[in-house]
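Chain naming here is simple, since letters A, B, ... match the order of the sequence lines and numbering starts at 1 in each. Just so we're clear, the structure is a prediction, and the values are computed from it rather than from any experiment.
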Amino acid sequence: MAKEMIKGNVAVAEAAVRAGLVSYFGYPITPQTELLEYLSARMPELGRAFVQAESELGAINMVYGAACTGLRTMSSSSSPGVSLMCEGISYIYGTEVPAVLVDVMRGGPGLGNISPSQADYTQVVHGGGHGEYHLIVLAPASVQEAIDLTGEAFYLAEKYRTVVVILMDGFLGQMMEPAVLPPFKPVNMESPDYAVAPKEGREKRFLTSINIDAPTQERLNIRQMSKWEEITRNEVRYQGYYLDDAEYVVVGFGTCGRIALTAVREAREKGIKIGLLRPVSLSPYPTEVLDKLAEQAKGFLVVEMNNGQMLDDVVSIVARRAPVHFYGRMGGMVPYPDEISQAIDEMVNSDAGPELDGRAKWLELMRETIGQGA
Amino acid sequence: MAKEMIKGNVAVAEAAVRAGLVSYFGYPITPQTELLEYLSARMPELGRAFVQAESELGAINMVYGAACTGLRTMSSSSSPGVSLMCEGISYIYGTEVPAVLVDVMRGGPGLGNISPSQADYTQVVHGGGHGEYHLIVLAPASVQEAIDLTGEAFYLAEKYRTVVVILMDGFLGQMMEPAVLPPFKPVNMESPDYAVAPKEGREKRFLTSINIDAPTQERLNIRQMSKWEEITRNEVRYQGYYLDDAEYVVVGFGTCGRIALTAVREAREKGIKIGLLRPVSLSPYPTEVLDKLAEQAKGFLVVEMNNGQMLDDVVSIVARRAPVHFYGRMGGMVPYPDEISQAIDEMVNSDAGPELDGRAKWLELMRETIGQGA
Amino acid sequence: MTDTDVKVVYQRPIGLTDVTTHYCPGCTHGVAHRLIAEVLEEMGELRNTIGVAPVGCAVFAYNYFDFDFVEAAHGRAPAMATGIKRTLPDRLVFTYQGDGDLASMGMGETVAAAARGEQITIFFINNTNYGMTGGQMAPTTLPGQKTSSSPLGRDVETQGYPIRTAEMLATLDGASYVVRRSLHDARSIRNAKRAIRTAFEIQKAGLGFSMVEFLSICPTNWGLNAPKSREWLKDHMLPYYPVGDFKVSEEAERVMKEVR
Amino acid sequence: MTDTDVKVVYQRPIGLTDVTTHYCPGCTHGVAHRLIAEVLEEMGELRNTIGVAPVGCAVFAYNYFDFDFVEAAHGRAPAMATGIKRTLPDRLVFTYQGDGDLASMGMGETVAAAARGEQITIFFINNTNYGMTGGQMAPTTLPGQKTSSSPLGRDVETQGYPIRTAEMLATLDGASYVVRRSLHDARSIRNAKRAIRTAFEIQKAGLGFSMVEFLSICPTNWGLNAPKSREWLKDHMLPYYPVGDFKVSEEAERVMKEVR
Amino acid sequence: MPPKGWVEINDLYCKACETCIADCPQKVLALDMSRLSIKGYHPAYMAHPEKCIACGICATVCPDAAITVYRGTPPGFEEKGTE
Amino acid sequence: MPPKGWVEINDLYCKACETCIADCPQKVLALDMSRLSIKGYHPAYMAHPEKCIACGICATVCPDAAITVYRGTPPGFEEKGTE
Amino acid sequence: MQYEVIIAGFGGQGTLYAGQVLAYGGMDEGRHVTWLPSYGPEMRGGTANCTVVISDDEIGSPTSLHPTAVIAMNLPSLDKYEPMVKSGGWLIVNEDLVNRVPARADINIVMVPANTIAREIGNERAANMVLLGALEANLQILPEGAIEKSLEVNTGGKLKKFVPLNIEAMRRGAEYKL
Amino acid sequence: MQYEVIIAGFGGQGTLYAGQVLAYGGMDEGRHVTWLPSYGPEMRGGTANCTVVISDDEIGSPTSLHPTAVIAMNLPSLDKYEPMVKSGGWLIVNEDLVNRVPARADINIVMVPANTIAREIGNERAANMVLLGALEANLQILPEGAIEKSLEVNTGGKLKKFVPLNIEAMRRGAEYKL
Ligand SMILES: Cc1ncc(C[n+]2csc(CCOP(=O)(O)OP(=O)(O)O)c2C)c(N)n1
Ligand SMILES: Cc1ncc(C[n+]2csc(CCOP(=O)(O)OP(=O)(O)O)c2C)c(N)n1
Ligand code: SF4
Ligand code: SF4
Ligand code: SF4
Ligand code: SF4
Ligand code: SF4
Ligand code: SF4
Ligand SMILES: [Mg+2]
Ligand SMILES: [Mg+2]
């Protein structure tokens with residue numbers, strides 16, 4: 001397969017098409033809009049369904065309907081739009097139908113701006129809608145990985161009848177890189193056996209997220225938690241660099257993870273025994289590998305384009321076995337490798353013990369270097 | 001002040017009125033509806049603003065507008081409705097205007113049911129909307145506490161120009177208890193100096209959450225994080241029972257916390273050196289006290305009406321200094337004290353080390369005793 | 001006379017399951033259900049139809065109809081139906097929504113679906129209040145009408161005026177067939193049934209968006225028994241919400257004429 | 001001739017700040033801004049007014065008007081305005097919204113505010129597309145019109161028909177004054193200004209909800225320069241979106257007659 | 001003359017709402033105060049079977065699809081009818 | 001005869017959209033191709049000041065409120081006017 | 001000392017109200033009390049129950065798996081709650097609406113023909129108060145006359161006129177002291 | 001080996017396109033490349049820049065604080081990026097649109113009258129390609145002729161007819177080899 005230069009947003013769209021996307025429902029929002037625009041031409045051309053919805057609320061509930069037919073469906077948005085989808089996501093999860101959602105994150109809170117960010121980590125990985133749910137969240141760091149994970153997302157969504165989120169940021173959405181697109185998969189129009197797609201001679205079916213009887217709901221919750229346990233066992237994905245002998249470990253995902261790679265390489269060149277853990281599945285999180293690293297490492301540095309949202313998870317897993325440092329940029333700012341290099345140096349030279357509050361130290365630094373106030 | 005028998009939902013409503021609530025915007029949803037219904041009569045009677053909004057989206061954005069005048073405003077809802085408010089909450093936070101929100105939680109995910117639950121913990125405490133934000137979250141366990149925290153909520157919202165959530169569950173909303181209502185505070189119609197409420201002879205003002213310039217947004221984020229640090233220092237609230245000599249500690253909030261009290265007392269009677277930590281501010285979390293307890297305790301038991309959402313926070317803070325056990329009911333189920341007593345016994349008799357995965361053990365138990373499937 | 005002369009004039013349609021509904025005695029939600037089931041049976045479409053239940057008293061509609069159903073989030077049924085219909089364009093897809101669901105929470109989705117000319121049918125139960133949550137004011141509550149959130153009667157100055165949904169949607173080019181019917185007596189019910197049939201036929205012919213609004217009673221929250229509720233409907237609702245055809249596109253007109 | 005004979009026929013209104021807008025050259029967002037500022041100046045209400053900016057090209061409106069402003073979430077401006085107006089009933093409160101903002105994302109809030117007879121004014125900029133995000137299809141995009149999300153031209157079969165918002169809202173009892181004006185030439189602009197004045201006067205008199213829809217150009221996304229865009233508006237938009245008064249309540253009529 | 005038809009009311013569905021009773025043009029129907037259904041209602045029954053004209057109105061208005069309407073001589077009437 | 005009035009166009013605001021130029025009934029205005037404003041535009045100017053009738057149309061249609069319209073004899077004309 | 005009482009029956013039998021009367025009485029005596037209803041759509045026509053806890057100390061759980069006493073106003077309630085009553089506790093049964101004798105031997109059982117008595121004193125809807133009277137007479141949760149006093153103090157509006165009837169009903173119920 | 005190049009100028013000067021041409025060239029040579037634009041509303045009329053990274057290895061950061069080379073197509077770009085160029089790196093300046101000489105002594109500076117040259121060869125819009133030619137001639141990021149080949153292979157549609165012009169522009173720019 002020949003490589004093509006392709007933009008992240010478009011790559012995900014075309015990868016979805018090639019994975020047999022039957023329907024797409026979305027709403028324009030920067031920096032995701034090219035994905036929708038691309039599909040507004042591509043889907044009708046293939047005789048597939050494309051609807052520009054009235055809102056993200058509309059879009060996610062169209063996805064909900066389409067997902068109830070069991071056929072491949074997706075939406076895409078960016079941070080504020082994803083907030084509007086929280087209720088719908090909870091419903092889809094509660095109904096156990098498969099759907100894929102792309103979040104191309106931007107700076108927040110509120111209207112914020114359209115610059116790249118990773119500030120939806122907590123929202124998508126832990127929070128978001130009401131009720132007990134765990135989405136599968138995949139965070140690509142390159143256009144190729146975005147393409148590969150798109151196919152994967154549909155597979156996982158169907159395998160577990162759940163919602164899979166591809167979590168990217170504005171950089172990855174806008175960036176072009178050479179990448180290989182997968183072969184064109186024919187669309188599967190065969191509805192699975194839980195789906196509504198009536199035909200003669202079978203019992204009626206219904207799909208709902210209501211269980212007005214609490215014990216019934218609880219049994220469902222237990223089953224869903226068990227499913228989540230299984231996902232946690234099977235579906236962890238991460239990329240490790242120079243981890244074998246690492247005395248120090250940088251942890252970063254997506255764009256921030258690949259930027260950190262540059263800094264880690266530089267540090268290695270300087271002779272620092274340092275590695276990089278780039279979680280690809282943010283949920284389920286690569287807990288086990290991090291747990292092992294916590295036995296071996298003298299220090300961790302978490303880098304993010306947010307206020308330390310993944311940091312909380314790393315701190316919890318490392319559990320005071322080593323200090324966890326933090327370096328983040330917020331509000332649509334992207335760190336340069338040099339900043340991370342500096343943070344690495346500070347970690348290596350630091351005498352902080354495992355009880356270090358990495359966020360407090362970082363915030364102090366931010367106040368000093370960048371200041372407060374808007 | 002004479003005590004009155006008063007229902008949780010109504011108590012919060014009347015407490016808000018007495019705190020000088022200027023405007024209320026809400027939408028009916030069980031088990032919160034009495035709060036709205038009560039105010040639909042009470043507010044107009046006092047010449048204050050009451051609007052039954054077209055939706056929770058409408059309600060939170062009405063609150064947003066009212067909050068921009070700096071005058072006391074609130075909304076109330078229950079889980080799915082709160083999901084719909086995620087975007088608006090992020091905007092209000094981003095704009096730094098004061099608002100109070102009541103979430104009377106019910107079973108989920110999705111439509112779920114209307115039975116009491118604590119399944120919005122993560123959503124409200126950590127997740128919810130996009131971007132970097134930290135709400136203040138207060139979790140009363142009795143009608144009196146609900147009343148007191150309502151007044152407190154308005155005070156804190158104004159002090160920090162932020163969003164304060166009163167997180168209750170259907171039980172507390174529906175329960176009657178004797179309680180003393182605070183005296184009637186006159187309404188303050190004097191807009192603060194950041195608010196829009198134009199008058200002759202001053203410069204125009206505007207309030208927005210947009211900062212299209214990323215560095216500006218980042219400086220705002222830093223200031224907000226600094227504010228959050230201050231809140232974390234000043235506004236932690238919790239209730240401790242028998243903690244001084246506790247070898248075992250139960251941690252539970254809201255209704256679950258008070259149910260646990262019964263079980264803890266029983267265990268004390270049996271001679272077990274056990275105490276109860278009931279976080280009242282879930283955000284900021286009583287990290288410090290729990291950290292201290294982690295130095296002294298042989299085991300922790302977290303009890304919740306969800307799948308262990310607060311558990312994650314406790315595990316992170318305890319950081320493998322003691323095993324953290326878990327007992328939860330989900331989907332609208334409420335544990336009886338006897339169940340918690342049993343969980344206490346199991347903790348005391350357990351030989352689990354600090355690496356215990358409390359949730360996994362609990363889930364195993366749930367599957368065995370309650371089963372799977374809906 | 002022999003048995004062969006006995007003719008069944010009416011029997012429970014096979015499109016309804018053998019289950020008692022949770023609706024209150026006399027509630028015309030039941031009538032609307034029955035009519036939909038009858039029409040789909042008569043059209044032979046029971047095995048080709050997907051219903052979308054709302055959040056509202058009809059939340060359990062999927063238990064009562066003997067064909068495929070999904071349950072929407074509050075107000076979003078038109079969006080959900082869109083997702084289904086676009087995926088399976090040859091199935092009949094309808095939503096069944098209350099006035100709180102459609103005209104308050106879901107007004108945005110409703111207008112958008114109508115404007116898009118979405119090939120779905122909406123059955124809209126206007127009972128002037130939020131039945132399920134205990135009788136709060138709806139966008140359809142009449143001026144002066146008492147509800148649990150307009151305890152002194154709806155004050156139009158502060159609580160606004162009722163929305164005539166059918167009239168409003170009729171202004172949209174995408175809407176093919178938008179009518180109002182009542183369920184308060186046998187004659188109205190027969191007319192309502194014809195409208196249901198017409199709406200489904202229009203969808204089948206791919207002629208665009210169709211909606212039938214039904215004036216419906218809520219004995220429980222109105223605090224009146226069923227017969228009195230039907231009187232109240234006639235006396236108070238009909239004048240404000242006249243029965244009629246508010247939009248019948250040219251093509252829809254042809255279909256309409258063919259229905260009985 | 002002496003200097004005293006010189007008269008200023010027109011000057012930049014004081015309600016606008018001394019800031020260049022970020023609008024593209026020729027964009028009639030600027031005209032609408034100017035007219036609002038002129039009217040508020042003439043009414044002496046500059047220090048009594050709160051504007052609500054939308055998400056859309058007008059997102060930075062608060063920078064350009066010299067009076068209090070807030071910035072709403074996409075589509076929710078009517079709700080936000082409601083929150084403000086209910087809290088401060090004696091201030092003039094208006095929203096300024098694009099067609100994506102009002103007629104797509106915020107249709108629910110718009111209909112609800114109109115039905116409630118909310119004492120606010122909406123200025124609605126219909127430029128047949130989503131300007132800010134790069135020219136996607138809006139609910140107002142004309143049949144066949146090419147946009148970045150209807151690259152082959154809006155196909156009414158799959159993408160639906162444009163919404164005539166003013167006509168639709170005019171069906172609501174709560175709406176007092178609902179009109180459409182155009183901004184494509186001087187005469188239209190003068191008429192538009194009168195409508196703005198009328199709408200504000202109606203709000204001031206407490207007569208209920210008012211909305212002025214403006215036909216507006218988007219040279220950048222239409223791919224035409226300003227003069228050609230104004231021609232396009234005249235030739236294509238005016239026939240579909242006729243200028244007119246779609247709802248003028250009796251009381252509003254009185255106010256209207258007093259305005260010039 | 002035998003009645004033109006009859007109705008059967010299914011206890012499982014009838015909720016005693018009295019809608020059919022109010023609308024029956026022949027005043028055939030009434031609540032059966034002598035019986036309670038398993039759902040706890042006094043179901044509707046044919047208080048005056050002789051008057052039924054099988055018009056179907058009762059079934060048309062019944063919200064619970066509880067009524068089956070037959071045209072013809074009711075089973076019990078058969079012998080009497082030929083008398 | 002002196003012109004009836006004149007206009008001033010503020011470089012800060014003018015974006016050279018040509019709206020005023022198109023609508024001026026007297027064809028007074030044009031873009032000044034000899035100058036670039038700090039915003040990078042060739043702003044509009046009075047190419048034919050003598051024809052201005054101070055009708056205000058240009059200001060009415062200007063989207064950037066860049067135009068001030070005066071009625072009376074333009075300053076430069078004063079002396080000439082009395083000539 | 002802590003009492004946990006569940007009052008259960010059909011919707012419309014006044015179970016929630018009887019619970020409130022008991023709770024008010026407790027409050028007026030300066031005790032800690034909680035009143036917790038079952039809520040939601042199941043209440044519409046279906047069953048209704050409430051749990052009242054009266055205690056000298058701050059109340060932990062407002063629910064009870066092993067209540068001190070249960071008032072069962074109908075058969076489903078008897079079936080559901082009989083097994084739960086704490087050993088040595090009390091089961092007050094509306095004899096009129098059950099068709100069986102409770103089976104437990106380790107608890108105190110009081111059978112009261114509450115509907116009959118209520119009808120006798122003029123209003124069948126007072127059956128709930130008859131049973132409450134029986135409960136109080138046997139358990140003496142509150143000092144004698146406390147509930148009656150509380151009823152008089154706390155009842156206003158339309159219900160005021162029923163106070164004498166309710167007190168009479170309680171008195172008649174109290175005759176079923178074991 | 002890794003090259004990090006920033007190409008900056010006004011919107012409309014073709015900075016994004018020049019970056020893409022370079023990136024395609026790198027891709028066709030089997031190198032790892034990234035092309036990252038500034039995006040969003042600032043692009044409408046304002047400035048536009050992109051960062052191209054070409055590397056033999058998997059690329060970490062697609063951004064660069066100390067680029068190997070910068071093409072500054074106008075004065076604001078010169079002001080902004082001159083300080084960032086890596087010591088020993090390259091700064092290619094469009095001489096026609098700046099009014100000052102770069103100040104840094106630790107980097108290689110190439111001044112190219114790109115607009116003039118482009119005008120000479122018939123289309124002022126090819127100034128971007130003139131500068132790209134100058135960049136390649138000096139840094140030799142790719143083998144000689146690689147970009148030209150890539151341009152021919154990858155350009156289709158309406159742009160095809162400009163390929164000769166663009167190649168000529170690069171050739172002319174290449175004359176500014178230090
Ligand atoms: C997001 C959300 N908000 C509120 C509710 C609560 N709720 C359930 S049904 C309902 C109103 C239903 O009224 P209507 O649509 O008129 O139906 P009816 O019951 O009258 O048939 C509401 C507000 C909900 N389930 N979800
Ligand atoms: C929830 C949400 N969805 C999407 C967006 C992205 N967005 C910003 S402006 C806009 C459309 C604006 O179009 P319109 O209202 O027509 O205004 P115009 O720019 O044309 O004046 C959209 C979709 C957003 N900011 N928030
Ligand atoms: S509450 Fe009203 S609408 Fe709902 S089932 Fe009962 S009568 Fe019908
Ligand atoms: S994009 Fe269109 S609407 Fe927005 S400022 Fe430019 S011309 Fe105006
Ligand atoms: S109408 Fe139906 S449900 Fe009502 S009484 Fe008659 S048979 Fe029973
Ligand atoms: S069929 Fe007609 S006459 Fe017979 S019971 Fe029914 S309504 Fe009455
Ligand atoms: S005032 Fe009238 S005549 Fe003078 S320049 Fe303006 S439009 Fe032309
Ligand atoms: S209309 Fe205004 S902005 Fe446009 S060219 Fe004329 S003066 Fe300049
Ligand atoms: Mg209703
Ligand atoms: Mg627009």
- Can you check side chain to side chain contact (heavy atoms under 4.5 Å, CB included) on Glu87(A) and Leu84(B), steps first, answer last? CA-CA 6 Å; Glu87(A) 192 205 23; Leu84(B) 287 175; 3.4 Å; yes
- Heavy-atom pair count under 4.5 Å with chain A, highest-scoring of Asn306(B), Val125(B), Asp103(B): Asn306(B)
- Item | Side-chain heavy atoms of Asn221(B) within contact of Pro109(A), under 4.5 Å | yes
- Query: Arg321(A) and Arg320(B): side chain to side chain contact (heavy atoms under 4.5 Å, CB included), yes or no, with the steps?
  - Reply: CA-CA 9 Å; Arg321(A) 283 172 286 175; Arg320(B) 300 199 180 202; 3.4 Å; yes
- Task: With a 4.5 angstrom heavy-atom cut-off, could you sort out which part of Trp228(A) is near chain B: side chain, backbone, both or neither?
- Result: neither
- Message: Only pairs of heavy atoms separated by less than 4.5 Å count here; which of Gly131(A), Gly110(A), Gly108(A) has the most with chain B?
- Response: Gly110(A)
- Item | Contacting moiety of Glu229(B), where chain A heavy atoms sit under 4.5 Å | side chain
- Please flag which part of Gln118(B) lies under 4.5 Å from any non-hydrogen atom of chain A: side chain, backbone, both or neither. neither
- For the residue pair His134(B) and Asn307(A), establish whether any side-chain heavy-atom pair is separated by less than 4.5 Å. yes
- Step by step, work out the side chain to side chain contact (heavy atoms under 4.5 Å, CB included) result for Met333(B) and Gln217(A). CA-CA 9 Å; Met333(B) 296 300 288; Gln217(A) 177 69 37; over 6 Å; no
- Query: Hey, is the main chain of Gly128(B) close enough, under 3.5 Å, to the side chain of Gln123(A) for a donor-acceptor pair?
  - Reply: yes
- Should Asp213(B) and Asn113(A) be marked as a side chain to side chain contact (heavy atoms under 4.5 Å, CB included) after you check the CA-CA gap, both sets of side-chain angles, and the distance that decides it? CA-CA 7 Å; Asp213(B) 175 51; Asn113(A) 55 41; over 6 Å; no
- Item | Considering all heavy atoms, the nearest Ser83(B)-Gly129(A) contact | OG-CA, 3.3 Å
- Search all heavy atoms of Ile222(A) against all heavy atoms of Ile370(B) and return the closest pair with its distance. CD1-CG2, 3.7 Å
- Side chain, backbone, both or neither: which part of Ser115(B) has an atom under 4.5 Å from a heavy atom of chain A? side chain
- For Ile317(A), is it the side chain, the backbone, both or neither that has a heavy atom under 4.5 Å from a heavy atom of chain B? backbone
- Message: How long is the straight-line distance from CZ of Arg219(A) back to CE of Met330(B), given to the nearest 0.5 Å?
- Response: 11.5 Å
- Of all heavy-atom pairs linking Glu132(B) and Met305(A), the shortest is OE2-O, 4.2 Å
- Message: For the NE2 atom of His130(A) and the CE atom of Met85(B), what is their distance to the nearest 0.5 Å?
- Response: 13.0 Å
- Name the member of Glu56(B), Arg367(B), His126(B) that forms the most heavy-atom pairs with chain A at distances under 4.5 Å. Arg367(B)
- Query: At a heavy-atom separation under 4.5 Å, does Pro215(B) approach chain A through its side chain, its backbone, both, or neither?
  - Reply: both
- Query: At a heavy-atom separation under 4.5 Å, does Ile92(B) approach chain A through its side chain, its backbone, both, or neither?
  - Reply: neither
- Under the salt bridge (Lys or Arg N to Asp or Glu O under 4.0 Å) test, which residues partner Glu96(A), sequence neighbours left out? Arg223(A), Lys227(A)
- Query: Do Ser316(A) and Val315(B) come close enough that some side-chain heavy atom pair is under 4.5 Å?
  - Reply: yes
- Item | Greatest number of heavy atom pairs closer than 4.5 Å to chain B - which of Gly88(A), Ala214(A), Gly371(A) | Ala214(A)
- Query: What part of Glu364(A) is in contact with chain B, defined as an atom under 4.5 angstrom from a non-hydrogen atom: side chain, backbone, both or neither?
  - Reply: neither
